[in-house]
Amino acid sequence: MPIRRLPPGAEYDPNRLLDAIIARLRLKNDAALSRVLEVAPPVISKIRHSTLPIGATLLLRMHEESEFSIGELRALMVKPREAAQVLAA
């Protein structure tokens, strides 16, 4: 099974995804998000700084907690101008 990558020309933006989840869950900050997702705070920091990708397990945890669909979470991972193209695909 091939690994799904971002569409050509799309730019990865994990901050947009994390901020959307924080807003949806009405959390105060990244530390609160790490507690909800049951990961260490440095994991969220590394994701924000694009040094650690969002893995499948964490993506599923985000889905369970935020009730965003997996498709919505994937769309939130790209910069806004590409998001409409990803949702259409």
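Atom-to-atom distance recorded for I54:CD1 and L18:CG is 5.5 Å, nearest 0.5 angstrom. Taking CG of L52 as the reference point, atom CD1 of I44 lies at 9.0 Å (rounded to 0.5 Å). How far OG of S34 is from CG of N29: 8.0 Å, rounded to the nearest 0.5 Å.
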What do the steps show when you test L73 against I21 for side-chain contact (heavy atoms from CB on, under 4.5 Å), and what is the final call? CA-CA 9 Å; L73 291 171; I21 294 171; 4.1 Å; yes

Please report the C-alpha distance between D19 and L76 in whole Å, then the side-chain angles of each, then the deciding distance to 0.1 Å, and finally whether the side-chain contact (heavy atoms from CB on, under 4.5 Å) criterion is met. CA-CA 10 Å; D19 291 341; L76 286 167; over 6 Å; no

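Formation of a donor-acceptor pair under 3.5 Å by the R16 side chain with backbone atoms of V78 is found in this model. Between the side chain of R61 and the backbone N or O of V36 there is at least one donor-acceptor pair closer than 3.5 Å.
Residue E67 places its CD atom among 12 or fewer non-hydrogen atoms of other residues, nucleotides or ligands, all under 6.0 Å distant.
Nearest heavy-atom pair, A20 versus F68, reported as atom, atom and distance to 0.1 Å: O-CE1, 3.9 Å. The nearest pair of heavy atoms linking R48 to P14 is O-CG, 4.2 Å.
Looking only at side-chain heavy atoms (C-beta outward), L27 and E65 stay at 4.5 Å or farther from each other. Looking at L17 and I47, their side chains never come closer than 4.5 Å, going by heavy atoms from C-beta outward. Looking at L25 and M62, their side chains never come closer than 4.5 Å, going by heavy atoms from C-beta outward.
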